Structure formats: C-alpha cells, structure tokens
Amino acid sequence: MRDATRQTVVWDALRVALAGRETATGREALDIVDAGGGTGGFAVPLARLGHAVTVVDPTPDSLAALERRAAEAGVAVKGIQGDAVDLGELLSPGSVDLVLCHSVLEYVEDPAAALAAIGGLLRAGGVLSVLAANPVATAIHRAVAGNFGEARQVLADPAGRWGEKDPTPHRFTAAGLTSLLGSAGFTVGETHGVRIFADLVPSRFSEGDPDALVALEQAAATHPVLRDIATQLHLLAYR
C-alpha cells in the first residue's frame, strides 16, 4: 500500500512535468536519467512511454535486475554503475531533459555536490524530480511508537536523525530542500507530500479500502499543512 500511494502521487506530478517538457521541446521522446534508479521502478515505465532512459546506480545487482525487468517489458533502458556525485563524469553535460533523484539525497555524503552534478546534466528548462525523507514525519512516527526522546532528537538534530542507530544519514524539510535546490541554481516548483496518511493508519483500514486511501493521498498531497508532515517530500525543480 505504501508503494502504491508513493507511486501514484509522484506519477501524477511527473506526468504534468513530462507533458510540459514535451510541449516546450516539441519532442515526444525525452532524454531521462534516473539517479539511483535501482531496479527500474520508474525507469521502465518511462521507457515504455517512449523516452530514452538511463539509470545510474552504484549497485551491480540492482542494475542486473533492471536489465531483466526492462527485457521482460520489451524496452531498452541503459544502466551505468556509478554514484550521483559522479554524473558529470559519466554523462555528457547539457544532454538531459529530466533527472529523477528519488531517495538519494538522504544517503549521499554531499547532497549539494550531487545536485551540482545533476544541474550540469540538464538542458535549459530541464526538470529535476526530487523525493526525500522528511524529519517531521519521522518525529511523528517515533512519538506514535512511544519513543518520545527519539522524536525530540529528530526535531533538534540538523540532519533530522533520531539517534546513532538511525539508518538514514539525512532528512530534509520542505524549506531545507527548497534552500538546497535554490543554492544549486534550481527554481523550485510545487511541493507534494507523499505517504501522509498511509504510514499512520492501521493496515486493516488501508488494506480494506486501498483505492479510497490513494484518493485521499492525492487530495492531501498539495495541502499546505498536510504535505509538510508527509513521510516523503516530492519537489519538482527547473534549471
């Protein structure tokens, strides 16, 4: 259910971005890079829409799974082993219309450097799709689980971490992401909240009426208050 709500909200935004870029360029087939795209959850559907898609990922096993997934779908997706900060060395500058950076900034050592590398790839008017973990949601989830000290630590920690055993190195508020993107030379568009209710309601309710939950997530995704407590934040930014 979590994957369904995440995919739906992000795809809603991506479809609008794709349509806008196609209109601006006069091309139906766009050049797309999925940084940290793993096994191709977004890359393969984008390739099926007719776009030229490249996945850059540090994990050989993920790239092998991507190759199998693309073959089963009957599409071609190029896989390159590498990290987000190395994009400028792996691909030609100014050659890409859309870059996906989903669940990547949380784990790279230098998020600003990764965004600088991505910026170098994009053509003028190109689009960046960022999906990142939100510390506000983490504080809520830790508190709901009875871990009040950890919830307080999330709010106090500049990286949004609840303790030394937290597996996520960085989390980002909407304001923090907007500032980071602005410093990298991007103009930020709309912010969407992803998994606002899906991670809070008991599974018996979400599994009982999954379509209604997805519809609720879609309705809440751009709500000015609710989006800021989402598990993940999705931003579209423009070069």
Side-chain angles (χ1 to χ4, degrees), residues 1-108 114-115 117-123 125-133 192 194-195 198 210 214 218 232 234-239:
M1 189 66 239
R2 293 179 179 181
D3 285 343
T5 57
R6 178 174 70 91
Q7 294 270 355
T8 299
V9 171
V10 175
W11 270 111
D12 286 347
L14 284 179
R15 289 189 186 95
V16 174
L18 289 167
R21 189 62 182 157
E22 289 167 10
T23 298
T25 62
R27 292 183 282 112
E28 293 184 358
L30 302 176
D31 296 308
I32 299 174
V33 169
D34 190 348
T39 62
F42 281 91
V44 170
L46 285 167
R48 293 183 70 177
L49 291 174
H51 302 297
V53 186
T54 298
V55 170
V56 178
D57 194 276
T59 310
D61 288 347
S62 294
L63 293 174
L66 164 69
E67 185 177 357
R68 293 191 296 271
R69 189 175 197 164
E72 291 171 359
V75 297
V77 176
K78 184 178 182 180
I80 300 175
Q81 187 175 353
D83 295 312
V85 293
D86 300 323
L87 288 172
E89 301 172 9
L90 299 171
L91 298 165
S92 300
S95 62
V96 178
D97 295 293
L98 169 67
V99 174
L100 274 60
C101 183
H102 294 173
S103 301
V104 170
L105 293 181
E106 299 97 311
Y107 300 100
V108 297
L115 289 177
I118 289 170
L121 292 184
L122 286 168
R123 298 182 173 114
V127 186
L128 168 61
S129 171
V130 174
L131 186 70
H192 306 90
V194 178
R195 286 161 46 196
V214 169
Q218 289 175 297
Q232 293 175 300
H234 180 241
L235 283 75
L236 292 175
Y238 302 84
R239 194 64 174 160

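All figures in this text were calculated on a predicted structure; none of them were measured in a lab.
- Contact detail for L90 and G82: the closest heavy-atom pair is CD1-CA, 4.0 Å.
- Using a distance-only test at 3.5 Å, with no hydrogens or angles considered, no donor-acceptor pair links the side chain of R239 to the main chain of R123.
- In terms of modelled atom types and a separation under 3.5 Å, the side chain of D83 and the main chain of V85 share no donor-acceptor contact.
- One finds the CG atom of L131 at 11.5 Å from the NE2 atom of H192 (value rounded to the nearest 0.5 Å).
- L66 approaches G38 most closely through the heavy-atom pair CB-O, 3.7 Å.
- Within 6.0 Å of atom CZ in R27, more than 12 heavy atoms from other residues, nucleotides or ligands are found, so the atom counts as buried in its surroundings.
- In plain terms, the two heavy atoms of A117 and G88 that are nearest each other are CB-N, 4.3 Å.
- At distances below 3.5 Å, not a single donor-acceptor pair connects side-chain atoms of Q232 with backbone N or O atoms of A132.
- Scanning both residues, L121 and S92, for their nearest heavy atoms gives CD2-O, 3.7 Å.
- Here CD1 of I80 is found 11.5 Å from CG of D86. Values are rounded to the nearest 0.5 Å.
- Remark: E22 CD is packed, more than 12 non-hydrogen atoms of other residues, nucleotides or ligands lying under 6.0 Å away.
- Of all heavy-atom pairs spanning G40 and P45, the tightest one is O-CD, 3.6 Å.
- Between the CZ atom in R68 and the OG1 atom in T39 there is a gap of 9.5 Å [rounded to 0.5 Å].
- Put simply, CG on L98 and CG on L14 are 6.5 Å apart, with the number rounded to the nearest 0.5 Å.
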**Request:** Would you please test I32 and F42 for side-chain contact (heavy atoms from CB on, under 4.5 Å) and show each step?
**Result:** CA-CA 11 Å; I32 299 174; F42 281 91; over 6 Å; no
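- The residue from V44, L63, V33 that alone fulfils the side-chain contact (heavy atoms from CB on, under 4.5 Å) condition with V55 is L63.
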**Prompt:** Passes side-chain contact (heavy atoms from CB on, under 4.5 Å), L46 versus L100? Steps please.
**Reply:** CA-CA 11 Å; L46 285 167; L100 274 60; 4.0 Å; yes
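- Remark: the backbone N or O of V104 is paired with a side-chain donor or acceptor of E106 at under 3.5 angstrom.
- Between V108 and A84, the closest heavy-atom pair is CG1-CB, 4.4 Å.
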**V56 and L91: CA distance, side-chain angles, deciding distance, side-chain contact (heavy atoms from CB on, under 4.5 Å) verdict** = CA-CA 10 Å; V56 178; L91 298 165; 4.2 Å; yes
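- Remark: side-chain polar atoms of D97 are paired, donor with acceptor, to backbone N or O of D31 under 3.5 angstrom.
- Interatomic distance, CG of L115 versus CG of L87, reported as 10.5 Å (0.5 Å rounding).
- Rounded to the nearest 0.5 angstrom, W11 CH2 and Q218 CD are separated by 14.0 Å.
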